[in-house]
Amino acid sequence: MTKDYQDFQHLDNDNDHRQLRRDSQLREDLLALRQNFSNFTVSTEGQVKALSIQGSSVGRKMKTVESELEKQQKDLSEDHSELLLQVKQLVSDVRSLSCQMAALQGNGSERTCCPINWVEYEGSCYWFSSSARSWTEADKYCQLENAHLVVVNSQDEQKFVQQHMGPLNTWIGLTDQNGPWRWVDETDYEKGFQNWRPHQPDDWSGHGLGGGEDCAHITHDGRWNDDVCRRPYRWVCETELGKAN
């Protein structure tokens with residue numbers, strides 16, 4: 001073997017060794033890169049999951065806070081409405097008392113104000129019950145007070161009654177016990193204000209109490225419904241200003 005050939009073979013072997021070392025290093029670098037990528041992926045997935053959980057938790061907390069704020073706003077609004085109603089009642093009572101004192105000082109001249117516990121509105125006096133009776137008993141109670149069950153003539157009067165009674169079934173002075181529907185003060189029913197619920201009055205007899213439904217009341221949503229007259233509901237008396245006992 002010549003020297004030149006030996007030198008060439010030796011050089012070729014060196015090149016093979018260097019290539020092997022480079023291949024080995026590349027494999028190690030590739031494995032390290034894969035491991036780092038795997039670790040990065042696991043870490044990133046964990047962080048994304050943690051952020052997702054935190055985001056869900058923050059979202060739930062925000063919804064809870066929003067719900068609580070809405071509830072507080074509603075409570076404040078209801079408290080404000082109740083306070084205004086009490087203030088109006090107080091003003092009405094003070095005005096009524098002052099009026100009665102003036103009447104006494106004037107040797108019993110005719111009163112031009114509502115008595116204590118009655119509320120003045122648009123030239124009439126209203127008394128709102130805190131107990132429940134049948135329609136007939138409520139009607140008699142109002143008559144004893146030189147008044148009658150409330151006759152609702154407008155949407156504004158409807159709102160006034162609702163504001164004082166709240167979402168309670170409340171008898172009004174409307175009945176068809178003796179024929180067609182009529183108001184107790186003979187106000188024209190056909191031409192006047194009406195606020196019946198859809199498909200009412202229906203004179204339903206399936207209630208099991210006997211007979212039909214001949215007396216009208218305001219329901220919790222303000223619409224009217226016909227019902228059995230002997231059911232015990234709240235009621236409202238109404239009279240002209242200065243006529244109540």
Do any N or O atoms from the side chain of Thr239 and from the backbone of Asn146 form a donor-acceptor pair under 3.5 angstrom?
yes
Quick test of your reading: applying salt bridge (charged side-chain N to carboxylate O under 4.0 Å, His left out), list the pairs with at least one residue in residues 175-200, sequence neighbours left out, ordered by first then second residue.
Arg197-Asp221
I need the full list of salt bridge (charged side-chain N to carboxylate O under 4.0 Å, His left out) pairs touching residues 154-167, with sequence neighbours left out, sorted by first then second residue.
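Sorted pair list comes back empty.
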Could you report the tightest heavy-atom contact between [X] and [Y], atom names first, then the distance?
X      : Y      : value
Met165 : Leu168 : O-CD1, 3.4 Å
Trp118 : Ala147 : CH2-CB, 3.9 Å
Arg234 : Ser131 : CD-O, 2.8 Å
Asn169 : His220 : OD1-N, 4.0 Å
Gly222 : Gln158 : O-NE2, 2.6 Å

Hey, could you give me each pair passing disulfide (SG to SG under 2.5 Å) that has a residue in residues 136-191? Not counting sequence neighbours.
Cys142-Cys237
Is the shortest side-chain heavy-atom distance between Cys229 and Gln177 below 4.5 Å?
yes
Could you tell me if the side chain of Thr187 sits less than 4.5 Å from the side chain of Phe193, heavy atoms only?
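No. Closest side-chain heavy atoms not under 4.5 Å.
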Out of Phe128, Trp127, Trp135, Trp171, which residue meets the ring pair (Phe, Tyr, Trp, His ring centres under 6.0 Å) rule with Trp235?
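Considering Phe128, Trp127, Trp135, Trp171, a ring pair (Phe, Tyr, Trp, His ring centres under 6.0 Å) with Trp235 is found only for Trp127.
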Checking Tyr126 against His164 for the side-chain contact (heavy atoms from CB on, under 4.5 Å) test, could you report, in this order, the C-alpha distance in whole Å, the side-chain angles of both residues, the deciding distance, and whether it holds?
CA-CA 10 Å; Tyr126 298 81; His164 284 78; over 6 Å; no
With Trp183 via ring pair (Phe, Tyr, Trp, His ring centres under 6.0 Å) - residues at least two apart:
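So Trp183 forms a ring pair (Phe, Tyr, Trp, His ring centres under 6.0 Å) with Trp224.
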Could you grab the distance from atom CD of Glu122 to atom CG of Asn153, nearest 0.5 Å is fine?
11.0 Å
Leu209: which other cluster members, linking ILVMFWY side chains closer than 4.5 Å, directly or transitively?
Val228
For Gln72, which residues count as a side-chain contact (heavy atoms from CB on, under 4.5 Å) partner, sequence neighbours excluded?
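Listed in chain order: Glu68, Leu69.
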Using the side-chain contact (heavy atoms from CB on, under 4.5 Å) criterion, which residues pair with Glu137? Sequence neighbours excluded.
Arg133, Ser134
Who passes salt bridge (Lys or Arg N to Asp or Glu O under 4.0 Å) against Arg231, sequence neighbours left out?
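For Arg231 the salt bridge (Lys or Arg N to Asp or Glu O under 4.0 Å) partners, ignoring immediate neighbours, are Asp227.
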So, using side-chain hydrogen bond (donor to acceptor under 3.5 Å, both in side chains) as the criterion, who are the partners of [X] when residues are at least two apart?
X      : answer
Asp226 : none
Arg223 : Asn195
Asp203 : none

Apply side-chain contact (heavy atoms from CB on, under 4.5 Å) to Tyr233 and Thr170, showing your working.
CA-CA 6 Å; Tyr233 289 151; Thr170 304; over 6 Å; no
side-chain contact (heavy atoms from CB on, under 4.5 Å), that's the test. Do Val151 and Ile172 meet it? Break it down for me.
CA-CA 6 Å; Val151 175; Ile172 58 178; over 6 Å; no
Run Gln143 and His148 through side-chain contact (heavy atoms from CB on, under 4.5 Å) and show every step you take.
CA-CA 6 Å; Gln143 292 179 31; His148 55 74; 5.8 Å; no
Run the side-chain donor-acceptor check on residues 210-218: report pairs under 3.5 Å with partners two or more places apart or on a different chain.
| unit_1 | atom_1 | unit_2 | atom_2 | d |
| --- | --- | --- | --- | --- |
| Glu213 | OE1 | Trp204 | N | 3.1 |
| His217 | NE2 | Asn225 | ND2 | 3.2 |

